[in-house]
Amino acid sequence: MAVTSSINLVIDEIKDFKTKPSDESLGFGQQFSDRMLLREYKDNQWQVGRIQKYSNFSLPPSAMVFHYGQEIFEGLKAFRQENGNIAIFRPDENAKRMNRSAERMVMPTLEEGYFVDTLNTLVNLERDWVPRKKGTSLYVRPTMIATEGALGVHPAGEYYYFVILSPSGSYFSEGFKPTRIKVEDEFVRAVLGGTGQAKAGGNYAGSLLAAVNAKKEGYSQVLWLDGKEKKYIEEVGAMNIAFVIDNEVVTPKLTGSILPGITRKSVIQLGNDMGIKVREETLSIDFIEESIKSGSLTEIFGIGTAASIAPVGELKYKDHLHVLNNNETGPITQRFYDELTGIQYGRIEDRHGWVHIVE
Ligand code: PLP
Ligand code: COI
């Protein structure tokens with residue numbers, strides 16, 4: 001039997017439930033919860049959405065997502081707080097970014113309220129899937145794909161918007177231990193005027209070759225340089241990046257080809273709150289190397305939803321290998337980690353109203 005919710009959503013009753021993985025076994029994005037949200041766009045409008053059993057799609061081989069890659073997605077997390085509340089971090093920001101990505105990829109936008117309210121309903125139904133172990137969360141993946149079957153290159157007229165949920169541990173296999181990053185000096189991720197600012201699947205497809213090459217050398221991800229001169233720091237494969245120089249934090253300013261991270265935006269605010277200056281600047285790789293050599297650059301950390309605050313222990317550029325802070329998590333990185341996760345897990349007051357309590 002299906003019931004209709006107050007946000008015009010059909011909710012299917014489901015009968016057989018999966019066995020949940022143990023919190024100890026969780027990696028990133030490998031298991032999926034019992035339910036998903038699916039909403040179709042056709043006849044120039046969004047149809048009534050449905051919360052249904054997590055299940056396969058049936059799409060024509062001509063569906064345009066398979067040919068021209070019209071696909072966008074978001075990533076956010078639901079945390080189990082110490083008082084039992086389930087909290088989603090800044091979903092309104094993801095709603096806004098999803099719409100900016102949709103506009104860039106000529107896809108239909110969603111009402112921000114619908115985005116947040118349906119996430120709330122879905123996560124509430126699946127609240128038992130939010131893991132309990134320290135550092136774990138329920139990763140939420142809203143996605144939009146072009147489903148119309150046609151081979152002419154034009155924006156599709158039909159789409160699916162869907163949301164799946166995945167109980168997750170650390171994004172990196174090394175956990176919160178410092179990660180190894182290679183500066184990519186051959187391939188580029190994005191150029192000005194391209195799609196780098198959008199959270200579009202194609203950006204990630206284009207990044208895989210560099211990532212695979214870096215993995216062969218033992219690096220977790222690549223640090224991208226700008227697409228024109230391969231000189232200025234942009235971001236890492238799945239996170240933004242920050243450097244601690246003279247006890248201040250510096251992160252590349254948003255040029256138009258970097259993904260405007262919600263965690264990055266939060267870190268800028270948290271720095272302000274904690275009395276640690278965070279500057280947004282144009283940073284060349286030469287300047288970064290000189291600062292490491294002179295000893296003024298003491299820590300590097302990645303910033304993102306999946307990655308959280310991720311200390312970088314080694315940075316390699318061409319044949320120069322730099323070890324940061326003795327390959328240990330530095331004090332400023334630790335402070336940002338503690339402050340951000342403190343708010344997310346409810347240990348520290350949510351003074352900016354970032355946390356959406358699921359009910
Ligand atoms: N940059 C890239 C390429 C990403 O994939 C992500 C992850 O979403 C980020 C940055 C960080 O963005 P956010 O903090 O919104 O997760
Ligand atoms: C995220 O941090 O949410 C991401 O989307 C990064 C990655 C897993 C693609």
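Atoms within a ligand are numbered from 1 in the order they appear, just like the ligands themselves.
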Task: atom 2 (C) of ligand 1: nearest protein contact (heavy atom, Å) - done: Glu235 OE1, 3.3 Å
- [ ] Heavy-atom contacts with Tyr139 under 4.0 Å: which atoms of ligand 2 show up? List them by number with element.
- [x] 1 (C), 3 (O), 4 (C), 5 (O)
- [ ] May I ask you to say whether Glu74 pairs ionically with Lys199, meaning some side-chain N is under 4.0 Å from a carboxylate O?
- [x] no
Open item on the list: Out of all atoms in ligand 1, which are within 4.0 Å of some heavy atom of Tyr204? Include the element for each.
Closed with: 2 (C), 3 (C), 4 (C), 5 (O)
TODO: May I ask you to decide whether Lys177 forms a salt bridge with Glu314, counting only side-chain N to carboxylate O separations under 4.0 Å?
DONE: no
TODO: Mind telling me whether Phe115 and Tyr161 have parallel, tilted or perpendicular rings, with 30° and 60° as the class edges?
DONE: tilted
- [ ] May I ask you to decide whether Glu93 forms a salt bridge with Lys265, counting only side-chain N to carboxylate O separations under 4.0 Å?
- [x] yes
Task: Nearest-contact summary for atom 14 (O) of ligand 1 - protein heavy atom, Å - done: Thr263 OG1, 2.5 Å
TODO: Could you list which atoms of ligand 2 come closer than 4.0 Å to a heavy atom of Phe28?
DONE: 8 (C)
- [ ] In plain terms, say whether Lys53 and Asp16 are close enough for a salt bridge, that is, a side-chain N and a carboxylate O under 4.0 Å apart.
- [x] yes
TODO: State if Lys265 counts as touching ligand 1 under the rule of any non-hydrogen atom under 4.0 Å.
DONE: no
Task: Nearest neighbour of atom 7 (C) of ligand 1 from the list Arg189, Lys199, Glu74, on a heavy-atom basis - done: Lys199
TODO: Give the residue, atom name and distance (to 0.1 Å) of the protein heavy atom nearest atom 8 (C) of ligand 2.
DONE: Tyr171 CE1, 3.6 Å
TODO: May I ask whether Arg97 has any heavy atom positioned less than 4.0 angstrom from an atom of ligand 1?
DONE: yes
Open item on the list: Taking Glu24 first and then Lys133, would you say they form a salt bridge - that is, a charged N and a carboxylate O separated by under 4.0 Å?
Closed with: no
Open item on the list: Salt bridge check, Glu281 against Lys253: does any charged N sit closer than 4.0 Å to a carboxylate O?
Closed with: no
Task: Test item, Lys199 contacting ligand 2 (heavy atom, 4.0 angstrom) - done: yes
- [ ] Among all protein heavy atoms, pick the one closest to atom 7 (C) of ligand 2 and tell me residue, atom and distance.
- [x] Ala238 CB, 3.7 Å
Task: Closest approach of any protein heavy atom to atom 16 (O) of ligand 1, naming residue and atom - done: Thr305 OG1, 2.6 Å
Open item on the list: For Ser257 and Glu234, which I'm curious about, is there any donor-acceptor pair between the side chains at under 3.5 Å?
Closed with: yes
Open item on the list: Counting non-hydrogen protein atoms only, what is the nearest one to atom 2 (O) of ligand 2? Give residue, atom name and distance.
Closed with: Ala306 N, 2.8 Å
- [ ] Below 4.0 angstrom from a heavy atom of Phe73, which ligand 2 atoms are there? Numbered from 1 as shown, please.
- [x] 5 (O)
Open item on the list: Students should be able to answer this: which protein heavy-atom is nearest to atom 9 (C) of ligand 2, and at what distance?
Closed with: Tyr204 CE2, 3.6 Å
Open item on the list: Check for me whether Arg141 has a heavy atom closer than 4.0 Å to any atom of ligand 2.
Closed with: yes
Task: Distance from atom 12 (O) of ligand 1 to nearest protein heavy atom, with residue and atom - done: Gly261 CA, 3.4 Å
Task: Over 12 foreign heavy atoms within 6.0 Å of CG, Asn326 - done: no
Task: Basic-acidic side-chain contact under 4.0 Å: Asp185, Lys318 - done: yes
